[in-house]
**Q** 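Here you go, one structure.
Heads up: numbering here begins at 1 and tracks the sequence. Computed from heavy atoms alone, side chains included, the values below leave out hydrogens, waters and symmetry copies.
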Amino acid sequence: MTKAFLPRFALSLAITGHRRIPADQADRVGRQLDEVLTSARAGAEAVSAQGRRWGFFPRPPLLRLASCLSEGSDRMAAFQALAAGCKLQAILPFPVRSPVHGLDLPPAEQAASRRELAALCRTAESVLELVPAPPPGWQELCADFSPVGQDSLSESFRQRAYLEAGCVMLEHSDILIAVWNGKPQPAEGSTYDMLCRALRRRMPVCLIDSSRDCPVRIVQSPDQLLCPAGQDAPPLDEVVVRRWGLESGNTAEQLRQTDSVLGSLTGRPVPRLARLWNSFQKFVTRSGVSRLDPGPYREETRPDFLVFDNAANHCAAMHRSSFLGLALMSILAVLSAALASVWPGGETHHLALSVLGVAEAFLLAGAIGNVLQARRRGWQKQLTLFRLAAEVLRLNSFAASLGIPCSCGFSKQSLYGDEQGEAWLPYVLRNSLRERGFSSVDMSDTAQISALREDIAAYLIHSQYCYHRRNSVSCRIMAETIEKISGLVFFISLLVVGIRFFCNVFLDTAILDPALSFLGTIGPVLATSSQAVAQYAELKRLSIRSAHLAKELNCYLKQIREARSGSELRTITASVLELMNKDVYDWKEQYNMPDISLS
């Protein structure tokens, strides 16, 4: 099949550095920046070549540079990245037209600096213009950016703005380039602070000394930061290959196996039992769900999302069919036992009992084999992984389309698990998120803020609220229905055992040995009941989870409707995405619990 979830390898670089570089060091810093970009591209090309040997990455690699476009190092790296064919993503701490840009420069240089910034933003692939939360009284003091207003823009306020933009930049990057003079700086948002934050995220950092002539250093842990410059370290292209190459572990084999599984699911029809279950569920829940608002719907059409979404739906159908197959076979076995109990006497009595006994044993063996086959194929685990991938991609797609720089917990390794058999999942998700990037948004534009607010309220919060509300009601009704059906089957089974016992003891009609009679009837019932208990527990869990999420999302919906500033909108949206991300993680953890039906 076409590897739609890995069309090309994407690598994102970030730049941080001092605004003032000594004049005698500027040319050397520029050459080393070009060296780093060339080495990063060589590493990306090597990873792509490895992927093509495995059938992945048919398109050339994609390199991006994320930058706050401050004067000095940031802009020098931006110009060189554009010249090298990289895409530029601008993450500005203030709107591009804001007079705050260039305030640190002499008055004669400020206008030229702002024109240079505007030119870079016009060539950038996307521009995210943030609006930091201002200090109290900020609007009154600097409404016209008078000298008094400019003085009120304290250094701490600007540091906070650059810190926020820098953290967003790190969220969307894999490697940090730091032009640093080697002197630790305690201020938040400084070059030293950014590279320390990157190292805590386990990001490789390319250190370029801005004060003296020395080679580029690759630092991958905080302990190496203040070590002597002569320490041996692999070049950047080797770091890229070691970290993201497909021949440095079992990731490539897992990706190939995953692609094989996805290929085997493509074009396979949904089992009839699953379609029967869906029809039955719609029939049972029609009265409780039909009166609820279905909510707005926005279809996700990205190939990587569709691949995992379709695979998750198919695995869910197969997992559901295994439950239904077990239930139907067990019920038929119980009916066979019931026929054996009430079969009339005569010449064909013993022959009928033998046939029904064989049918009962065959059906019971088929029911157990059905469960073992489903366990061997791993429908539930595949459903969990594919649904996890689809949901994280969907959330990030929505966030990126709105320009909300929230990676939905991408840096939390616990979201994807540390199991050796799941290494392919964070690899695919990282590459998809880096390839996607984010959209251009001006958080200071009132019209854009209004449009974003309506989109977030309608397609992120209200749609999810309606889904979880309907899902809560549907799961509750289905759980009650399964409880009733399971109780009915168990009652019939006990009735069959009672009839057999009565015939054997009081009527002296030896249908079967009482012990075999009991086991032959209760065995299928226990198998059916265990699956029913598992389905009931799952549905109750989903019902409670959806009811809780619907309540939380309804509260966020009110907050979004009342949001007026871009900063407030971003904060609330990030909280919503964090809530939904936590829901995805909890859902994964719940499905990793032992299956009750197999105990």
**Q** Any heavy-atom pair between the side chains of M580 and R394 that's under 4.5 Å?
**A**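 A side-chain contact exists here, since the closest heavy-atom pair is under 4.5 Å.
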**Q** Drop me the distance from I218's CD1 to E238's CD, to the nearest 0.5 angstrom.
**A**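 I218 atom CD1 to E238 atom CD measures 10.5 Å (nearest 0.5 Å).
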**Q** Taking only residues two or more places apart in sequence or in another chain, which ones pass salt bridge (charged side-chain N to carboxylate O under 4.0 Å, His left out) with R256?
**A**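 Checked R256 against salt bridge (charged side-chain N to carboxylate O under 4.0 Å, His left out); matches are E253.
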**Q** Minimum heavy-atom separation for A14 to M169, with atom names?
**A**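 Distance-wise, the nearest heavy atoms are CB-CG, 3.7 Å.
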**Q** Donor-acceptor pair, D259 side chain versus L255 backbone, under 3.5 Å?
**A**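 Not at all, since once roles are kept as given, no pair shorter than 3.5 Å links the two residues.
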**Q** Between C196 and R200, is the side-chain contact (heavy atoms from CB on, under 4.5 Å) condition met? List the steps.
**A** CA-CA 6 Å; C196 287; R200 287 195 292 270; 3.9 Å; yes
**Q** Considering all heavy atoms of both residues, which atom of F386 and which atom of L262 are nearest to each other, and what is their separation?
**A**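 Closest pair (atom of F386, atom of L262, distance): CZ-CD2, 3.8 Å.
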**Q** Working note: N310 + L265, criterion side-chain contact (heavy atoms from CB on, under 4.5 Å); need CA distance, chi angles, decisive distance, verdict.
**A** CA-CA 9 Å; N310 293 334; L265 297 178; over 6 Å; no
**Q** Ignoring hydrogens and angles, write down the donor-acceptor pairs under 3.5 Å from the side chains of residues 469-480, residues two or more places apart or on other chains.
**A**
residue: R470; atom: NH1; partner: V289; partner atom: O; Å: 3.3
residue: R470; atom: NH1; partner: L292; partner atom: O; Å: 3.1
residue: N471; atom: ND2; partner: S546; partner atom: OG; Å: 2.9
residue: S472; atom: OG; partner: S543; partner atom: O; Å: 3.2
residue: S474; atom: OG; partner: Q281; partner atom: NE2; Å: 3.4

**Q** What heavy-atom pair brings I456 and T573 nearest, and what distance separates the two atoms?
**A**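 Where I456 meets T573 most closely, the heavy atoms are CD1-OG1, 3.2 Å.
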**Q** Quick check: closest heavy atoms across G43 and V241, and the distance to 0.1 Å?
**A**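 Shortest heavy-atom separation between G43 and V241 comes out as O-CG2, 3.9 Å.
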**Q** Side chains of L13 and D174, heavy atoms from C-beta outward: is any pair under 4.5 Å?
**A**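 Heavy-atom side-chain distance check fails, nothing below 4.5 Å.
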**Q** How many angstroms lie between atom CD of Q464 and atom CG of L395, to the nearest 0.5 angstrom?
**A**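 Answer for the CD-CG pair, Q464 versus L395, is 7.0 Å.
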**Q** Using side-chain heavy atoms (C-beta onward) and a distance below 4.5 Å, is V576 in contact with I461?
**A**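 Counting from C-beta outward, V576 and I461 do come under 4.5 Å.
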**Q** Checking D237 now: which residues fulfil salt bridge (charged side-chain N to carboxylate O under 4.0 Å, His left out) with it, not counting sequence neighbours?
**A**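 Here no residue qualifies.
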**Q** When rounded to the nearest 0.5 angstrom, what distance separates CG in L236 from CZ in R217?
**A**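 Rounded to the nearest 0.5 Å, the CG-CZ separation comes out at 14.5 Å.
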**Q** Looking at S264 and V261, would you say the former's side chain and the latter's main chain have a donor-acceptor pair under 3.5 Å?
**A**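 Yes, because the side chain of S264 sits within donor-acceptor range (under 3.5 Å) of the backbone of V261.
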**Q** Any donor-acceptor pair under 3.5 Å linking the side chain of S48 with the backbone of A44?
**A**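 Yes; judged by distance alone, with no hydrogens or angles, the pair exists.
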**Q** Can you list, pair by pair, the side-chain donor-acceptor contacts under 3.5 Å of residues 54-68, counting residues two or more places apart and other chains?
**A**
residue: R64; atom: NE; partner: E125; partner atom: OE1; Å: 2.7
residue: R64; atom: NH1; partner: R434; partner atom: O; Å: 2.4
residue: R64; atom: NH1; partner: E435; partner atom: O; Å: 3.1
residue: R64; atom: NH2; partner: E125; partner atom: OE1; Å: 3.4
residue: R64; atom: NH2; partner: E125; partner atom: OE2; Å: 3.2
residue: R64; atom: NH2; partner: E435; partner atom: O; Å: 3.0
residue: S67; atom: OG; partner: L69; partner atom: N; Å: 2.9

**Q** Taking atom CG of L170 and atom CD1 of I175, what is their separation to the nearest 0.5 Å?
**A**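 Going from the CG atom of L170 to the CD1 atom of I175 covers 13.0 Å.
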**Q** Strictly distance-based, threshold 3.5 Å: is any side-chain N or O of Q254 a donor or acceptor partner for the main-chain N or O of W424?
**A**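 Yes; at least one donor-acceptor contact below 3.5 Å.
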**Q** If every non-hydrogen atom of F438 is compared with every non-hydrogen atom of Q89, which pair is closest and at what distance?
**A**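 Nearest heavy atoms, F438 then Q89: N-NE2, 3.4 Å.
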**Q** Is the closest side-chain heavy-atom distance between V428 and T258 below 4.5 Å?
**A**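 They are not in side-chain contact.
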**Q** Going by heavy atoms in the side chains, are H314 and Q382 under 4.5 Å from each other?
**A**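 Heavy-atom side-chain distance check fails, nothing below 4.5 Å.
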**Q** If the condition is side-chain contact (heavy atoms from CB on, under 4.5 Å), which residues does D34 pass it with, not counting sequence neighbours?
**A**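 D34: side-chain contact (heavy atoms from CB on, under 4.5 Å) contacts with T38, Q80.
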**Q** Could you tell me whether R387 and D309 make a salt bridge, using a distance below 4.0 angstrom between a side-chain N and a carboxylate O?
**A**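 The answer is yes: the pair qualifies as a salt bridge.
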**Q** Just so I know, are the side chains of L207 and V216 near enough to count as touching, which here means a heavy-atom distance under 4.5 Å?
**A**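 L207 does not reach V216 side chain to side chain.
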**Q** How far does CG of L199 sit from OG of S221, to the nearest 0.5 angstrom?
**A**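 L199 atom CG to S221 atom OG measures 7.0 Å (nearest 0.5 Å).
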**Q** Nearest 0.5 angstrom please: R8 CZ to N431 CG, how far?
**A**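 One finds 9.5 Å between CZ of R8 and CG of N431.
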**Q** Minimum heavy-atom separation for A77 to I15, with atom names?
**A**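 Of all heavy-atom pairs spanning A77 and I15, the closest is CB-CG1, 3.7 Å.
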**Q** Check each of N313, L393, L425, L429 against F308 using the side chain to side chain contact (heavy atoms under 4.5 Å, CB included) test, and report the only one that passes.
**A**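 It is L393; the other options fail the test.
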**Q** Tell me, do L246 and Y427 make a side-chain contact under 4.5 Å, heavy atoms counted?
**A**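 Touching, per the 4.5 Å side-chain cut-off.
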**Q** Could you tell me whether the side chain of Y556 and the main chain of I572 form a donor-acceptor pair under 3.5 Å?
**A**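 Pair absent, no side-chain N/O of Y556 close to backbone of I572.
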**Q** Indicate yes or no: does D304 engage R436 in a salt bridge with an N to O separation below 4.0 Å.
**A**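 Result for this pair is yes, salt bridge flagged.
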**Q** For residues 38-47, which residue pairs qualify under salt bridge (charged side-chain N to carboxylate O under 4.0 Å, His left out), counting only residues two or more places apart or in two chains?
**A**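 Pairs touching residues 38-47 that pass the test: none.
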**Q** With no hydrogens and no angle check, is any side-chain donor or acceptor of R430 less than 3.5 Å from a backbone partner on A10?
**A**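 Yes; judged by distance alone, with no hydrogens or angles, the pair exists.
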